[in-house]
Undergrad: 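Take this structure first; my questions come after.
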Amino acid sequence: MAKIVQKFGGTSVADIDHVRKAAQIIVDAADQGDEVLTVVSAMGKTTDQLIALAEKISPAPPARELDMLLATGEQQSVALMTMAIQQLGGQARSFTGAQAGIITESKHGCAKIEEIKPDQLHACMNRGEIPVVAGFQGITTNQELTTLGRGGSDTTAVALANAIGADRCDIYTDVDGVYTSDPRFVDQASKLDTISYEEMFEMASTGAKVMNDRAVSLARENQLPVRVRSTFKPEDTGTLITGEHSVPDYSVCGVTLDANQIWFSWQMPVNNEQERKLDNITSLFLRLNELNINADMIMLLAREDEPVQELVFTVDKSARSKVQSIIQSSKISGESKINIDDRLARVSVISRRLNHRPEIVASVFDALNKVDIPVQMVATSEMRFSLLIPKTHAERAVRTIHGHCRPGEFRSIQ
């Protein structure tokens, strides 16, 4: 008998028929003798619909009240899922994030889980019941309701699995596992049977939407096995995310696309050495951290013979107005200049030991050059190689790189 957490995303509970199908998976696992805890997201596009409603009232809804509104989506789901389980003969009880003991920091809209007090969940499971917990939400020590940000239900599931000592966490979605690229536009994309936490984190943080990157980090910290599975093919075991690399010598794990990146260029006048100091840049990134805004593709360009330095970076398009406001409020003598480009997309190649594999980088540039796809900017790390490419070429670039590198095949690039 195993203790497992099963999480069902919005597409898996999009309507009543989907809820019933997910409930059957839960009941089947319990009937096989497993101890089951379930986490559910809001149904379908409910969260987007609630945000749209709020924006009809206010173009910038207060973060606290928006959390109060958005949390209702998951509360609707847990009640319906619990009813569906009971109709199938199972014993279940629904919980909000607060009732489940999920304690978060006080940042509305993007709170991090600080602690979980699972006493009520343990009591429920000891009675032979299945706890059905609302994902994406928690409560502060001051009893303020918070939400965890996009993909937060994944984080809820992994955090609860760690808290109750689960043997595994199953993430049920509308795809049957983790693919080497997006199969919607890459015909050659193949499903990976296994993937390491490090590789999955890089794929999740660069555009693969199958799992939230914060959840992957939590799983890695506790070495919790995670399976990504399809609600609609429950017999398929999907992709297992573990601490082990699947095969030591394959070169490329996957190719991802993030079309939601915005490119910022901040040109600052530099009239003397004192103004070359990085105080404003330090303040910018400290503020981005406070707001949980991730910056990528960061580059500082400065020359001794020019009275200007330029900071270049990308952020998610949802952060555009906040980043622009932070920069405009900076105290710089003289006029600074901000350029913003939302016509670019980030394409990333996920691999291992990339800093020691220049042939992979050379191979990617060669492939893009042969089909006349321009590259605007490049950033590399030990695990990934990212390029900024005009959106009009983005999907073709992914197909080109994927076809050239053939991710998931256990071979070295020639």
Side-chain angles (χ1 to χ4, degrees), residues 4-32 34-53 69-100 102 120-121 124-125 127-138 147-148 150-158 160-161 166 168-177 209-212 215 226-238:
I4 60 174
V5 171
Q6 297 177 325
K7 178 260 176 179
F8 294 88
T11 55
S12 297
V13 293
D15 54 37
I16 295 302
D17 286 340
H18 285 64
V19 171
R20 289 187 176 123
K21 184 179 288 288
Q24 188 66 63
I25 293 172
I26 298 165
V27 171
D28 287 347
D31 287 346
Q32 291 169 10
D34 291 331
E35 284 189 89
V36 181
L37 182 150
T38 297
V39 174
V40 292
S41 300
M43 299 174 71
K45 299 293 185 181
T46 297
T47 299
D48 291 336
Q49 293 165 358
L50 291 173
I51 291 172
L53 282 176
L69 176 65
L70 298 186
T72 64
E74 279 71 22
Q75 292 173 23
Q76 179 186 72
S77 294
V78 293
L80 292 171
M81 182 65 77
T82 302
M83 295 175 194
I85 293 170
Q86 292 172 350
Q87 281 296 110
L88 292 170
Q91 299 298 312
R93 181 179 293 268
S94 61
F95 292 84
T96 65
Q99 291 170 330
I102 299 173
Q120 295 299 318
L121 301 177
C124 179
M125 297 176 82
R127 293 192 300 267
E129 298 173 335
I130 299 168
V132 183
V133 182
F136 179 65
Q137 62 182 255
T147 62
L148 309 182
R150 287 291 187 177
S153 292
D154 288 349
T155 307
T156 301
V158 172
L160 286 173
R168 190 181 75 243
C169 180
D170 288 349
I171 304 293
Y172 282 91
T173 181
D174 58 350
V175 295
D176 56 353
K209 302 185 186 305
V210 70
M211 192 172 174
N212 176 268
V226 177
R227 279 198 181 275
V228 177
R229 314 177 68 165
S230 171
T231 309
F232 313 110
K233 297 180 182 177
E235 70 284 352
D236 193 315
T237 55

Undergrad: In Å, rounded to the nearest 0.5 Å, how long is the span from CG of Asp15 to NZ of Lys21?
TA: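 Result: 10.5 Å between the selected atoms.
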Undergrad: How close do Arg229 and Asp170 get, heavy atom to heavy atom, and via which atoms?
TA: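 In terms of heavy atoms, the two residues are closest at NH1-OD2, 3.1 Å.
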Undergrad: Would you mind reporting whether Thr156 and Glu74 have side-chain heavy atoms less than 4.5 Å apart?
TA: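 No, too far: nothing below the 4.5 Å cut-off.
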Undergrad: Please examine the side chains of Leu160 and Ile102, heavy atoms only from C-beta on, and report whether any two atoms are closer than 4.5 Å.
TA: yes
Undergrad: Determine the minimum heavy-atom distance between Met43 and Ile16, stating which atoms define it.
TA: CE-N, 4.4 Å
Undergrad: Side-chain donor-acceptor pair under 3.5 Å between Gln24 and Asp28, yes or no?
TA: yes
Undergrad: With side chains defined as the heavy atoms from C-beta onward, is the minimum distance between Lys7 and Ser41 less than 4.5 Å?
TA: yes
Undergrad: Answer yes or no: is there a side-chain heavy-atom contact under 4.5 Å between Phe95 and Val78?
TA: no
Undergrad: Backbone N or O of Arg93 within a donor-acceptor pair of the Glu129 side chain at under 3.5 Å?
TA: no
Undergrad: Donor-acceptor pair, Gln75 side chain versus Ala134 backbone, under 3.5 Å?
TA: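 No, because the side chain of Gln75 does not come within donor-acceptor range (under 3.5 Å) of the backbone of Ala134.
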Undergrad: I'd like to check the ring pair (Phe, Tyr, Trp, His ring centres under 6.0 Å) partners of Tyr172; sequence neighbours left out, ordered by chain and number.
TA: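 Tyr172 satisfies ring pair (Phe, Tyr, Trp, His ring centres under 6.0 Å) with Phe8 only.
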Undergrad: Output all residues satisfying side chain to side chain donor-acceptor pair (under 3.5 Å) with Ser12, sequence neighbours left out; order by chain, then residue number.
TA: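 Residues passing side chain to side chain donor-acceptor pair (under 3.5 Å) with Ser12: Thr231.
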Undergrad: Okay, side chain of Asp34, backbone of Val36: is any donor-acceptor separation there less than 3.5 Å?
TA: no
Undergrad: With heavy-atom distances below 4.5 Å as the criterion, would you say the side chains of Thr173 and Met211 are in contact?
TA: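 Thr173 does not reach Met211 side chain to side chain.
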Undergrad: Hey, what do you get for SG (Cys169) to CD1 (Ile4), rounding to the nearest 0.5 Å?
TA: 9.5 Å
Undergrad: In this structure, which one of Asp31, Val132, Ile85 forms a side-chain contact (heavy atoms from CB on, under 4.5 Å) with Ile26?
TA: Ile85
Undergrad: For the pair Gln137 (side chain) and Gly97 (backbone), establish whether a donor and an acceptor sit closer than 3.5 Å, ignoring hydrogens and angles.
TA: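 Yes; at least one donor-acceptor contact below 3.5 Å.
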Undergrad: Using every non-hydrogen atom in the two residues, find where Ala215 and Val158 come nearest and quote the distance to one decimal.
TA: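 Reported closest heavy-atom pair: O-CG1, 3.6 Å.
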Undergrad: Got a second to check how far Met81's CE is from Ile130's CD1, nearest 0.5 Å?
TA: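 One gets 10.5 Å once the value is rounded to the nearest 0.5 Å.
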Undergrad: Where do Pro131 and Leu121 come nearest, in terms of heavy atoms and distance?
TA: CB-CD2, 3.9 Å
Undergrad: Any side-chain to backbone donor/acceptor pair from Arg20 onto Ala84? Under 3.5 Å, distance only.
TA: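 Side chain of Arg20 to backbone of Ala84: no pair is present.
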Undergrad: Main chain of Asn212, side chain of Asp154: is a donor-acceptor contact present, judged purely on distance under 3.5 Å?
TA: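 At least one qualifying donor-acceptor pair exists.
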Undergrad: Taking everything shown except Arg227 itself, do over 12 heavy atoms lie less than 6.0 Å from its CZ?
TA: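 Yes, enclosed.
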Undergrad: Where is the tightest heavy-atom contact between Gly177 and Val210, given as atom of each residue plus distance?
TA: O-CG2, 4.0 Å
Undergrad: If I compare all heavy atoms of Val13 with all of Ala42, which pair ends up nearest, and what's the gap?
TA: CG2-O, 4.0 Å
Undergrad: Output the distance between atom CD1 (Ile51) and atom OG1 (Thr46), rounded to the nearest 0.5 Å.
TA: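 Nearest 0.5 Å value for the CD1-OG1 distance: 11.0 Å.
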